[in-house]
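Some notes on the structure that comes next.
Below, chain A is the first sequence line, B the second, and so on; all start at residue 1.
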2 protein chains.
Amino acid sequence: MPASSRAPARVKDRPTWLVSRLFARSSGLLADGFEAHGGGLRSYHYRLLAALEEWGPASQADLGRATGIDRSDVTAVLSELESRRLVGRSADPGHGRRNIVTITAAGAEQLRELDAVVDGVQERLLSPLTAAQRRQFVALMSKLLADGSAPPTG
Amino acid sequence: MPASSRAPARVKDRPTWLVSRLFARSSGLLADGFEAHGGGLRSYHYRLLAALEEWGPASQADLGRATGIDRSDVTAVLSELESRRLVGRSADPGHGRRNIVTITAAGAEQLRELDAVVDGVQERLLSPLTAAQRRQFVALMSKLLADGSAPPTG
DNA sequence: TACCAGTCGTTGGCGCGGCCAACACCCGTG
DNA sequence: CACGGGTGTTGGCCGCGCCAACGACTGGTA
C-alpha cells in the first residue's frame, strides 16, 4: 500500500519530501474515510457544507471566496450536493443572476457525519505523537504557514 | 497569491488542513523553482535523475520500484528526459524487452542544478523556523511517517 | 439615456501527481 | 512446447487546483 515511500537518498530526507509524503498519507486517510462513511463525497463537498453551516446561506461566488475553491469547481460540486438534496439553490430576488445556496437538514446531518470522519482521521494521522508533540507539530505548521508569505518587513 | 488560505473554522485548524496547506506551499515553491531554473522539468524528472545517479543504470521497471513512480509514468518521463539528452536508453543485451537507462553527463549536470533549486526551496520553506525548530519539525514528520503505517504489533 | 466596468454562474479546458488495465513481447521454468 | 511472470508502452481515470471565455446581469458615470 505505501506506494512511494521509496525514494533516492537525496530526496527522501528533505523536508519538502516529508511534507509531500505526509500529505499523501493525510489525504489518503481522508479519502478512505469519506469513501467509507461519506457516501462518495470528497473534500470539496465537505468544505462547502462547512462554509454554508458556518456562515449561512451565501452566493456561489461568496462560497468560492470563503473557501478558496474556484468558482467553476463550486458550480460543479454544488450541483452534486444539490442532486443529493444536501443543499438548495434558489434565485436571489432583486439580483437576477445570483444564486442563494442553503444547506438542507439532510446536508447538516451529512456534515455532522463528515465531521466525525474528519475527527477520526486527525486521530489516526497524529496517533504516533504524544499530546505535547501534537501541539508542537501544529504550532510549527501554523508558524510555517503564517510567516511563510511574510511581507518584506520594509 | 495565497489562494486557499481561507476556510471554515472547523476546517482551518485541523492538522489535515495544515498539512494540505503546507503541501500546497511546498509544491508551489518547488514548481516555481523548477520553472525558473529547471528548464521546465518537474518533480518526476528530478526523482528519476536522482535515482539514476544514486543507483546507477537501471531498467525502467527497477526505476519505478525504486522511486515509487508507476511504470507508465516512468516511460513517459524518461522519454522527455531522453529527448533532452539527459538520459540514455539502450537495450539490455541478453534480455530483449528490458531497457537499460543511463544518466548522461548533461543529465548529471542538470541534476546538480535541480539539487541547488531543491535545497533553496528547503530553506525558503523552513525560513520561519529556528534551527532547533527545524530539527523538531523534521523529527515529528519522520515519526508520523515511520509509525504511521505501523504493523498491528500482534 | 447610453455606455462601460464589473460581477455571477456556467462550460470547457489544462497541469500535476498518482493510479489501473490491457497489450505485445520476452524470459525462465516446468 | 506451454505457461506464468516480468517488461515497456499506450491510453485512460481521478482529485485538486487553476484559467479563459461566455451570456446574463448589475451599478455607476457620462
**Asked** Can you find a side chain N or O atom of B/Gln60 that sits less than 4.0 Å from OP1 or OP2 on D/dT9?
**Response** yes
Would you tabulate the nitrogen or oxygen pairs shorter than 3.5 Å linking the protein to nucleotides 27-30 of chain C?
residue, atom, partner, partner atom, Å
C/dC27, OP1, B/Gly96, N, 3.3

**Complete:** Rounded to whole Å, CZ of A/Phe34 lies from P of D/dG15 at a distance of 12 Å
**Prompt:** For B/Arg98 and C/dC26, what is the distance between atoms CZ and C1' respectively, to the nearest whole Å?
**Reply:** 10 Å
**Prompt:** How many Å lie between CG on B/Asp62 and P on D/dG6, as a whole number?
**Reply:** 12 Å
**Fill in**
Across all chains, not counting sequence neighbours, the side-chain contact (heavy atoms from CB on, under 4.5 Å) partners of A/Thr130 are A/Ala132, A/Gln133
**Request:** Establish whether the base of D/dC16 is bridged to the side chain of A/Asp70 by a donor-acceptor pair shorter than 3.5 Å.
**Result:** no
**Prompt:** Is any NZ, NE, NH1 or NH2 atom of the basic residue among A/Arg97 and A/Asp92 found under 4.0 Å from an Asp or Glu carboxylate oxygen of the other?
**Reply:** no
**Message:** For a quick test of reading the model, state the closest non-hydrogen atom pair linking B/Val101 to B/Val87 and the distance between them.
**Reply:** CG1-CG1, 3.7 Å
**Request:** Determine the minimum heavy-atom distance between B/Leu114 and B/Gly38, stating which atoms define it.
**Result:** CD2-CA, 3.7 Å
**Asked** Sequence neighbours excluded, which residues qualify as salt bridge (Lys or Arg N to Asp or Glu O under 4.0 Å) partners of B/Glu54?
**Response** none
**Request:** Rounded to the nearest angstrom, tell me the gap between atom CG in A/Asp32 and atom P in D/dG15.
**Result:** 13 Å
**Request:** State whether the side chain of B/Arg84 and the backbone N or O of B/Gly39 hold a donor-acceptor pair below 3.5 Å, judged by distance alone.
**Result:** yes
So which protein nitrogen or oxygen atoms get under 3.5 Å of nucleotides 14-17 of chain C's nitrogens or oxygens?
residue, atom, partner, partner atom, Å
C/dC16, OP2, B/Arg42, NH1, 3.4
C/dG17, OP1, B/Ser43, N, 3.4
C/dG17, OP1, B/Ser43, OG, 2.8

**Message:** In whole Å, I'd like the distance from the CD1 atom of B/Ile100 to the P atom of D/dT7.
**Reply:** 12 Å
**Message:** If I take atom CG in residue A/Asp92 and atom C1' in nucleotide C/dC8, what distance separates them, rounded to the nearest angstrom?
**Reply:** 11 Å
**Request:** Scan A/Ser59 against the nucleic acid and name what it touches under 4.0 Å (heavy atoms): base, sugar-phosphate only, or nothing.
**Result:** sugar-phosphate
**Request:** Name every residue in residues 72-85 of chain B that has at least one heavy atom under 4.0 Å from any atom of DNA chain C, in order of residue number, or write none if there are no such residues.
**Result:** B/Ser72, B/Asp73
**Qualifying ring-ring contact (aromatic ring centres under 6.0 Å, His included) pairs, either residue in residues 18-49 of chain A, two or more places apart** = A/Phe23-B/Phe23
**Prompt:** B/Arg89 side chain N/O closer than 4.0 Å to the phosphate oxygens (OP1, OP2) of D/dT7?
**Reply:** no
**Asked** How close or far is atom C1' of C/dG18 from atom CH2 of A/Trp17, stated in whole angstroms?
**Response** 11 Å
**Spacing of B/Arg65 atom CZ relative to D/dG6 atom C1', expressed in whole Å** = 8 Å
